[in-house]
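Here the structure comes first, spelled out in structure tokens, and everything after it is commentary.
In the text below, chain A, chain B and the rest are named by the order of the sequence lines, each starting its count at 1.
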Amino acid sequence: MIEYFWLALVPPLAGFLFNGLVGKRLPARIVSGAGCAATGASFLFLLAVFAEFIRLPAEEQQIVHRLFTWIQAGTFTAECSFLLDPLSMIMLLVITGVGFLIHVYSTAYMEGETGLYRYFAYLNLFVFMMSLLVMAGNYLLLFVGWEGVGLCSYLLIGYYIERKSAGDAAKKAFVVNRVGDACFLLGVFLIFKTFGTLEFGSLFETVSRTHPQPESGFTVLAAITLLLFLGATGKSAQIPLQVWLPDAMEGPTPVSALIHAATMVTAGVYLVVRSAALYSRAPDVLLLIAVVGVLTALLAALTALVQRDIKKVLAYSTISQLGYMFMALGVGAFSTGIFHLFTHAFFKALLFLGAGSVLLRLHHELDLFRMGGLRNSLKVTCWTMWVGTAALAGIFPLSGFFSKDEILWRALDSPLGHPVFWVAGLVVAGLTAFYMCRLMFLAFYGSPGHGHGESGSEAGTAVTAPLAILAGAAAVAGVVGLPAYLGDHRLDHFLAPVFRYSYDHGVSAGHGASHSLELLAGGAALAISLLGAGLAYRLYARDRSIPRRLANRYPGLHGTLLQQFRIDQAYSRFVVGGLKVLSRRVLWRAVDVGVVDGAVNGTASLFRRWSGVATRMQSGNTRTYAAWIVTGAALVFLYLYSVID
Amino acid sequence: MGMVPATHYLALGAVLFVIGVAGFIVRRNVITMFMSVELMLNAVNLTFLAYARTWNQVDAHIFVFFVMTVAAAEAAVGLALILGLDRHSQTLDIDTVNRLQG
Amino acid sequence: MEQIVFYVFAAVAVGSALLVILQQRAVYSAFSLIVCFGALAVLYFQLGAALVAALQVIVYAGAIMVLFLFVIMLLDPKSERFGPDRFKKTALAALPAAAFLAFVLLRVFPAWSPRGSGDPLGSGEGPKRIAHILFQDYLLPFEVTSILILVAILGAVVLVKHRPD
Amino acid sequence: MQVNTTALLPEILLAVAGILLMLAIPLLPSRQQVRLGYAASLVLAAALVVVLFQWDNSGPAFFGMVSMDPLGGGARILFLVSSATVALISVSYLKRERLRHGEYFPLLLMATVGMSLMAVSADLIMTFLGLEILSISGYVLAGYRRGDPRSNESALKYFLLGAFSTAFMLYGIALLYGATGSTEYSRIAESATQGQAETATFLLGLGLLLVGFGFKAALAPLHIWTPDVYQGAPVPITAHLAVGSKAAVLITLLRLLHQVFPESADQWQYLLWIACAATMIIGNLAALTQTDVKRLLAYSSIAHAGYILLGVIANSPGGAQGVLFYLAAYSLMTLGAFAVVQVFSRRDEQFTKLEDYRGIGYRHPLLSVSLTIFLLSLIGIPPTAGFYGKLFLFSAAVEADLVALVILAVLASAVGLYYYLQLIVLMFMKEAASPPDPIPVPLAVRIVILVMAAGTLYVGIYPAQILVIAGEAAGL
Amino acid sequence: MPLAAYPLSLLLLIPTIGAAVVCLLPPGRERLLKWAALIASLAAFLWSVVLFRNFDNQAGSFQMVERADWFQAAGFRVQYYLGLDGISLLLVLLTTVLIPLALLASWNLKDKLKLYLASILLLEVGILGVFLALDLILFYVFWEVSLIPMYFLIGIWGSSRRIYAAVKFFIYTMAGSLLMLAAIVVLYFLMGTGNFDLVEMIGILKRGEAVLSPEVEYFLFGLFFVAFAVKVPVFPLHTWLPDAHTEAPTAASVILAGVLLKMGAYGLLRFCLPLFPWASAQLAPAICILALIGIIYGALVAMVQPDLKRLVAYSSVSHLGFVVLGIFSFNFQSMEGAAYQMLNHGVSTGALFLLVGILYDRRHTRRIDEFGGLAHSMPRYSACFFIVLLGSIGLPGLGGFVGEFLILQGTFLTNVPAAAVAVCGVVLSAAYMLWMYQRVFMGRIGKEANRRLPDLSLREGAMLIPAIALSLWMGIGSGTFLRTMDGSIQLLVDRLDQVKQAQVVRSDVP
């Protein structure tokens with residue numbers, strides 16, 4: 001059965017086609033049922049595959065299936081080939097598992113929507129594309145999934161088509177992603193040009209042979225990895241392409257949970273880890289990734305501090321956490337990055353779904369400051385979200401603690417790490433705890449906000465069950481990656497075959513540092529998180545006037561934070577606006593209509609003018625005509641004069 | 001008795017020809033223009049005859065007959081057309097004949 | 001003797017030719033033209049073309065010019081009024097004309113004085129030889145001129161005849 | 001030396017028929033005079049048959065005044081077909097315009113005699129006389145619409161300027177005679193080859209001859225009379241001037257330059273190079289802004305004369321072949337176009353403005369589709385005769401290293417596209433302004449249009465036959 | 001069947017007969033006329049499928065060759081010489097696919113229907129002839145024959161500025177092709193074969209039996225290139241295209257964008273490269289720059305167009321820039337990609353024009369700001385539009401990606417900066433297309449007129465489904481089409497390599 005793992009793609013695709021083609025005329029129950037069933041089937045199938053997979057010896061945990069040759073032109077070949085290895089296995093499980101829960105949640109959340117068939121079709125398509133992305137056996141097929149999830153993201157962000165903002169956000173997401181994709185493509189070209197293949201297996205093997213040692217400086221590998229990383233910044237919303245993700249919250253909340261928190265945005269992380277064989281040989285690029293990760297994490301966390309929109313807070317949090325993951329990758333801790341990806345998928349999905357539950361209750365009121373006091377009416381939501389918050393904030397012993405702690409530790413401990421990363425990570429951890437607790441206090445505590453009373457309740461089991469399951473997962477998922485002082489890091493071992501061609505910097509080996517130091521570092525992180533939480537409690541649970549006063553006193557700073565350091569505005573003004581002006585005023589009106597077409601029409605009118613000259617010869621006067629004849633004769637004489645003698 | 005060189009006859013022919021050309025361009029009266037053409041034809045005839053003498057041939061004399069015939073034929077048709085012009089516009093001024101132009 | 005005749009009549013020819021184009025009234029132009037033709041007839045004669053000279057007087061100065069005069073009198077054209085800038089225009093035209101003449105007179109004609117191979121033209125044999133050539137070598141052109149004249153007659157008839165049908 | 005009367009049998013036939021027709025005027029009642037036109041066409045056809053039978057005849061006749069050769073034969077075919085076509089489209093025209101038939105057709109036949117003589121002439125005097133017959137009948141025919149001042153003006157301008165240029169040509173002949181002592185083609189060529197002729201006089205004579213022919217062939221800047229004359233002349237006569245007359249002059253020019261003046265090729269090629277360029281440019285440019293169809297076609301014919309010069313300048317049998325082929329193609333399309341214009345112009349030639357063609361495409365499909373074919377052929381788009389005409393001309397020119405001139409021709413004809421298209425646009429793409437107006441198409445004209453259209457297409461699809469004839473005529 | 005012995009002639013004959021039948025049928029019977037035309041075009045399609053199946057992918061040379069003297073006289077020999085290779089085969093197929101769709105698109109036309117149908121069928125003959133002809137004169141004849149019906153289609157059935165557009169189109173193209181005619185004549189004399197046989201000429205040049213001097217080769221290449229560049233269109237010669245596309249009726253736009261532009265690119269592949277490889281190689285950098293300008297410039301200008309058709313038209317400028325870039329990057333991938341992109345552009349842009357036409361039929365405007373929120377009133381239509389649009393912007397899984405990818409990949413191998421710039425085109429295409437989609441389909445329905453627009457009809461569906469299916473097939477099963485081209489492209493590449501090697505030799509000996 002395991003060799004048919006790629007059949008996991010079939011149910012979501014079938015679901016997509018079913019809902020897309022005939023869903024419009026079917027009742028909502030069938031539509032949503034089909035959507036859930038497709039993802040569920042895929043998940044179950046993959047569980048079965050996993051059961052078999054886990055039993056294989058480590059060296060056999062690399063199954064390639066070649067379906068057909070997709071593109072072939074001369075020496076260039078792109079197969080439609082699938083790869084199942086621990087990395088894709090774990091990704092697939094997360095995608096379909098979390099995806100299934102979110103499908104189920106959606107049946108309730110999206111109830112009554114007219115375009116339900118579209119929604120589920122897109123969602124299934126997304127699961128298909130995301131699975132394709134992680135299952136792909138070469139860069140080009142990966143790119144198919146890569147673009148495919150971008151497309152689904154576009155469709156789902158723009159799901160509420162009548163909203164202009166949704167359309168804008170969708171378009172922005174796609175176009176910004178395309179910038180990254182373009183770089184990705186260039187990376188792919190360079191890979192082919194350099195190594196002549198795009199298949200992961202043979203490529204990594206070749207690389208390990210031709211480039212046994214990492215080289216610093218601007219090598220070919222550095223160029224490749226840099227280009228791929230630029231692609232990853234698009235998908236994973238890192239600096240400089242982070243601007244689309246906050247806007248992407250225009251989509252339905254479950255979509256935000258699935259695509260813009262749990263799965264799609266982590267594709268960048270996946271890409272880097274998948275290419276670990278390349279990245280591990282380009283230390284300078286790794287450093288850059290770490291720097292970008294840290295900066296993004298800091299920037300997003302700071303921005304999240306002041307957001308009023310509940311989903312925006314979560315969105316910035318996501319960016320920040322992704323930055324964390326990249327920091328891990330940047331210090332060479334690839335499996336740690338995946339570990340955080342794994343845990344993050346649960347708690348961030350949970351948080352978004354919780355937020356969705358709040359929105360359902362409040363009829364899509366997004367402003368945190370108009371909420372409050374929901375803890376009584378939304379009990380399940382409240383406590384599950386606390387679990388999620390705690391996990392995100394890295395409170396022991398929830399999953400987030402382990403993964404985040406490991407990242408911080410690697411940043412300090414890895415030969416590629418640096419204490420600065422660690423310190424920055426600590427700050428982000430504190431900030432995270434602060435803004436998450438701020439969110440919780442604002443939403444669930446204090447006096448009820450405007451427009452809603454104490455009455456009202458949870459939306460139903462379709463909502464609460466996924467919340468509960470995710471809360472459970474968020475709580476315990478850390479067990480797969482216990483730190484050395486607590487036990488076995490199973491994830492590391494599981495993922496080990498993935499990195500067989502990577503250059504081993506000795507990241508996980510430990511550098512003579514003792515467990516105690518690691519323990520100390522973990523304690524520090526925990527302490528900082530608790531500090532952040534406490535501060536939030538002080539500022540938002542008890543007396544909310546301080547933040548307001550702060551904001552009033554430093555409007556510039558507040559605005560800057562609120563506007564994400566105004567990067568987005570700069571982009572839209574200078575890049576987008578600039579291009580529009582360039583296109584409309586310069587290229588179209590001036591160059592195309594003015595110069596190029598002007599030259600054409602100008603030639604035409606020039607000919608008309610010359611025509612006027614030619615017809616002016618034709619005055620109608622016979623004597624003038626005679627003069628012309630004499631002129632002609634004179635010209636002949638003139639020539640003959642020059643010839644004769 | 002010295003013979004006048006042929007060149008002098010040729011020169012006279014050229015002068016008359018040029019006078020004819022000038023007359024054609026300068027004059028507005030259609031008949032005068034036509035007379036200028038006749039002048040040009042006579043200049044040609046003189047040239048023919050001058051060359052006939054230098055070549056010692058009579059062929060050129062015959063050419064002159066033909067030219068005269070042609071001149072007569074042209075005169076017949078031309079004067080008929082001039083009569084037509086007068087009938088249409090009661091003028092012989094060529095400068096007024098410019099209905100067709102452009 | 002020949003030289004005197006030539007220069008006198010050449011002067012007459014050029015003078016009358018100038019008068020043709022400088023007279024304001026067409027009638028005077030016609031008279032000048034007749035004078036010019038007469039002067040040319042003399043020169044033709046001097047060139048040994050007695051028959052041509054005779055025809056020049058009879059056909060050209062006689063028949064054709066009478067036709068001209070007839071038409072002129074019939075239509076009675078008003079005298080032409082020359083524009084005020086006439087002299088400027090004339091000067092402008094005179095320049096290329098002078099250049100052309102200089103070119104022809106100084107470069108072309110002097111370079112060439114063929115000595116013919118044919119027999120010299122006896123004064124009395126002229127018409128006979130001409131007839132001989134005309135009706136043998138130039139038979140076809142001669143016949144063709146009849147067509148030409150036919151065309152001209154037909155043309156004149158068509159163009160002048162009053163309302164047809 | 002022999003008279004060899006049979007050599008000129010076609011011309012004699014035409015001349016006699018012309019005289020007979022003339023004599024028939026008083027005998028026939030005016031109603032019956034329509035038949036004169038058909039009789040003239042028949043005579044022309046008969047002459048054509050004679051020419052075809054005599055195709056293999058060659059050698060001099062009439063004491064070296066004329067000389068039979070394939071070039072003359074090919075040219076005569078062209079003239080006879082052209083004149084016959086003109087005769088056919090004239091019958092209904094004369095009837096419609098209430099003009100006399102009696103004098104018209106003899107004049108046309110005589111003009112044909114003139115063209116024919118030019119084509120076979122072997123002596124400058126003969127050529128001159130042929131040209132004069134053609135010209136004088138042309139003056140008369142151009143002024144044939146006596147009631148119309150435009151026609152008179154046209155004829156008068158044609159006459160005055162024609163006579164003026166004739167004097168130039170005669171002067172040239174005189175100088176050539178002076179330089180060589182003869183007017184016979186072969187003798188002139190001979191003395192030039194042997195270096196006996198004095199260069200200055202010879203070249204000056206050649207130059208003046210070129211001025212005369214350039215005028216008749218409407219080469220810039222001597223084209224100046226053409227638009228006015230073409231516009232004012234009766235439509236069939238415009239066709240005659242644009243096709244038969246022009247072809248006669250061009251073929252004679254071709255023969256003179258290729259056979260009589262090959263020694264001075266450098267000089268006349270240089271002069272014609274400039275004339276060719278100027279003609280193509282001025283013809284096409286001036287046509288751009290025309291509003292009258294006849295005038296437009298006049299400029300078009302100027303431009304086409306420019307293209308034809310390419311073949312003349314090439315100074316090779318291939319060039320001559322190109323010229324003859326082009327003339328054949330040009331005759332087909334131009335005669336066809338004028339036939340359509342004749343029908344469209346209606347009573348008193350009221351409708352010759354471009355605007356009058358607005359929207360007629362769907363009302364008179366036969367006429368408009370045929371006209372479109374002719375116009376496309378004039379543009380040079382396959383599969384029409386004009387395309388191959390251009391191809392063969394360009395080939396000859398390229399072979400003679402006239403690539404620059406070919407490129408110029410190409411660009412000029414690209415400019416020229418516009419005015420042909422304009423007419424197509426008006427016919428098919430604009431709505432008619434006035435209510436439909438029936439246009440009677442007389443049978444003879446209908447046949448002419450159909451034959452010309454079919455011919456244009458046929459030659460455009462399968463040019464071999466015409467090409468072979470042209471090649472033979474050019475001495476290939 | 002004796003005709004089966006002349007497969008390519010039969011292909012030309014089918015639409016010709018169709019046109020003749022349409023002309024002969026009584027004008028009143030509109031349905032009959034339309035069906036006759038449609039059946040003729042479908043028959044041509046089916047026959048081309050048969051050709052496709054019988055095509056031997058292994059051979060790179062011309063197949064199903066038909067060759068006979070057309071005429072031979074006075075030193076001129078013109079042949080009726082048809083042949084099919086991998087590149088032309090696919091373009092033939094594209095043509096026969098698009099023509100029925102174009103006919104369906106104008107199913108409701110009433111005005112001068114007969115002339116219209118006959119024009120389209122004649123146009124098909126001309127286009128097919130261009131792709132099949134192997135004699136330069138024959139090629140030129142078909143080239144021009146395809147021009148006239150299109151001129152009439154734009155000029156008679158176009159919208160308000162149709163005449164300007166038609167005349168501009170005609171003069172632009174004709175000016176280019178007249179230059180080509182001059183070049184053909186020059187080539188004819190230089191080769192000295194006494195005929196216009198393309199295959200023979202290439203053979204002679206290849207074997208070195210005739211050598212063109214650099215000046216001559218530049219000159220001839222330039223003349224050919226201008227003719228084809230106008231048609232493609234390459235950057236500064238493109239301004240006829242927005243006008244022509246915009247003013248043309250839907251069917252004509254479809255054919256114009258779908259096939260006619262390909263004639264230019266095809267000409268580059270068929271004539272410019274194999275005949276003048278040296279000049280091509282020398283000028284390639286400059287041409288690549290023009291192509292890049294076209295890509296970026298076309299995309300940017302498309303972005304700000306207020307008119308749907310104009311937008312699509314400028315997008316064609318951008319897409320065809322990719323094609324030219326691919327051709328002049330001179331390696332197997334890029335050239336095959338270029339050929340593939342030609343196909344894909346034909347399908348996707350053809351479909352886009354069909355879609356815009358559908359909208360125009362309903363609202364009689366193409367202004368983007370007249371629309372908005374159409375996804376509500378026309379969901380099926382918007383879905384189709386979106387899929388086609390994705391194909392156009394090169395989403396993997398649809399046809400556009402394969403072509404674009406191969407072009408870029410190939411270009412990257414030889415010219416990294418060019419590929420880097422061209423990649424920007426990928427981003428921009430997403431930008432202008434999605435922005436347009438947003439303004440037309442998303443948001444609220446602003447104008448009352450858009451509220452009750454009927455969704456796709458069966459007929460309209462029938463013309464879109466094949467296009468979409470084809471796009472998907474080309475995106476996933478690219479092998480079907482790529483394999484047919486391998487041999488032909490390989491020949492081209494070999495020809496270019498030959499020159500490159502020769503150049504090495506030449507530079508050794510100064």
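- One distance of note links CD of Gln438(E) with CZ of Phe174(A); it measures 13.5 Å at 0.5 Å rounding.
- In terms of heavy-atom pairs under 4.5 angstrom with chain E, the leader among Thr69(A), Val595(A), Leu579(A) is Leu579(A).
- The CD1 atom of Ile71(A) sits 10.0 Å away from the CD atom of Gln409(E) when rounded to the nearest 0.5 Å.
- Here the straight-line distance linking atom CZ of Arg444(E) with atom NZ of Lys164(A) works out to 12.0 Å at 0.5 Å rounding.
- Applying the salt bridge (charged side-chain N to carboxylate O under 4.0 Å, His left out) test to Arg66(A) and every residue at least two apart in sequence or in another chain returns Glu79(A).
- Residues from residues 125-135 of chain A never place a non-hydrogen atom less than 4.5 Å from a non-hydrogen atom of chain E.
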Step by step, would you call Phe76(A) with Leu413(E) a side chain to side chain contact (heavy atoms under 4.5 Å, CB included)? CA-CA 11 Å; Phe76(A) 176 83; Leu413(E) 292 180; over 6 Å; no
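- Per-residue heavy-atom pair counts under 4.5 Å with chain E were compared for Val576(A), Leu582(A), Val144(A), Leu141(A), and the maximum is reached by Val144(A).
- Contact between Ala182(A) and Val423(E) at its shortest, heavy atoms only, is CB-CG1, 2.9 Å.
- Taking Leu482(E), Leu406(E), Ile476(E) one by one and counting their heavy-atom pairs under 4.5 Å with chain A, the maximum is reached by Ile476(E).
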Working note: Phe401(E) + Phe143(A), criterion ring-ring contact (aromatic ring centres under 6.0 Å, His included); need CA distance, chi angles, decisive distance, verdict. CA-CA 11 Å; Phe401(E) 176 71; Phe143(A) 186 70; 5.6 Å; yes
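- Put simply, of Arg483(E), Arg380(E), Arg439(E), Met485(E), the one with the most heavy-atom pairs under 4.5 Å next to chain A is Arg483(E).
- Nearest heavy-atom pair across Met442(E) and Gly167(A) is CE-CA, 3.7 Å.
- Smallest separation of non-hydrogen atoms from Arg178(A) and Gly394(E): NH2-O, 3.4 Å.
- Chosen from Asn177(A), Val179(A), Val586(A), the residue pairing most often with chain E at heavy-atom distances under 4.5 Å is Val179(A).
- Trp240(E) does not touch chain A: none of its heavy atoms, backbone or side chain, sits under 4.5 Å away.
- Options Val596(A), Asp592(A), Asp168(A), Val600(A) differ in how many heavy-atom pairs under 4.5 Å they form with chain E, and the most are formed by Asp592(A).
- In this structure, the portions of Leu587(A) lying under 4.5 Å from any heavy atom of chain E include both its backbone and its side chain.
- Looking at heavy atoms from C-beta onward, Thr75(A) lies out of side-chain contact with Phe332(E) at the 4.5 angstrom threshold.
- Note that CZ of Phe412(E) and CD1 of Ile191(A) are 10.0 Å apart. Values are rounded to the nearest 0.5 Å.
- The CG atom of Leu390(E) lies 7.5 Å from the CG atom of Leu155(A); values are rounded to the nearest 0.5 Å.
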Would Tyr154(A) and Phe386(E) count as a ring-ring contact (aromatic ring centres under 6.0 Å, His included) if you check the C-alpha gap in whole Å, the side-chain angles of each, and the deciding distance to 0.1 Å? CA-CA 12 Å; Tyr154(A) 169 84; Phe386(E) 192 68; 5.6 Å; yes
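- From Lys171(A), atom NZ reaches atom CG of Leu434(E) across 8.5 Å, with rounding to the nearest 0.5 Å.
- Across Lys24(A), Lys580(A), Arg163(A), the residue that shares the most heavy-atom pairs under 4.5 angstrom with chain E is Lys580(A).
- If you measure heavy-atom distances from Leu408(E) to chain A, the contacts under 4.5 Å come from both the backbone and the side chain.
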Could you check Phe405(E) against Trp70(A) for ring-ring contact (aromatic ring centres under 6.0 Å, His included), going step by step and ending with a plain yes or no? CA-CA 12 Å; Phe405(E) 179 81; Trp70(A) 177 33; 7.7 Å; no
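- With respect to chain A, the highest number of heavy-atom pairs below 4.5 Å among Phe441(E), Tyr340(E), Tyr314(E) belongs to Tyr314(E).
- By number of non-hydrogen pairs under 4.5 angstrom with chain E, the leading residue of Asp181(A), Val176(A), Val591(A), Thr114(A) is Val591(A).
- Both the backbone and the side chain of Leu186(A) have a heavy atom closer than 4.5 Å to some heavy atom of chain E.
- At least one side-chain heavy atom of Asn601(A) sits less than 4.5 Å from a side-chain heavy atom of Tyr164(E).
- When the candidates Thr411(E), Val493(E), Asp243(E), Thr239(E) are compared by the number of heavy-atom contacts under 4.5 Å with chain A, Thr239(E) comes out ahead.
- Ranked by heavy-atom pairs under 4.5 Å with chain A, the first of Ile171(E), Leu237(E), Val426(E) is Val426(E).
- Of the residues considered (Lys168(E), Gln490(E), Gln333(E)), Gln333(E) shows the highest number of contacts with chain A, using heavy-atom pairs under 4.5 Å.
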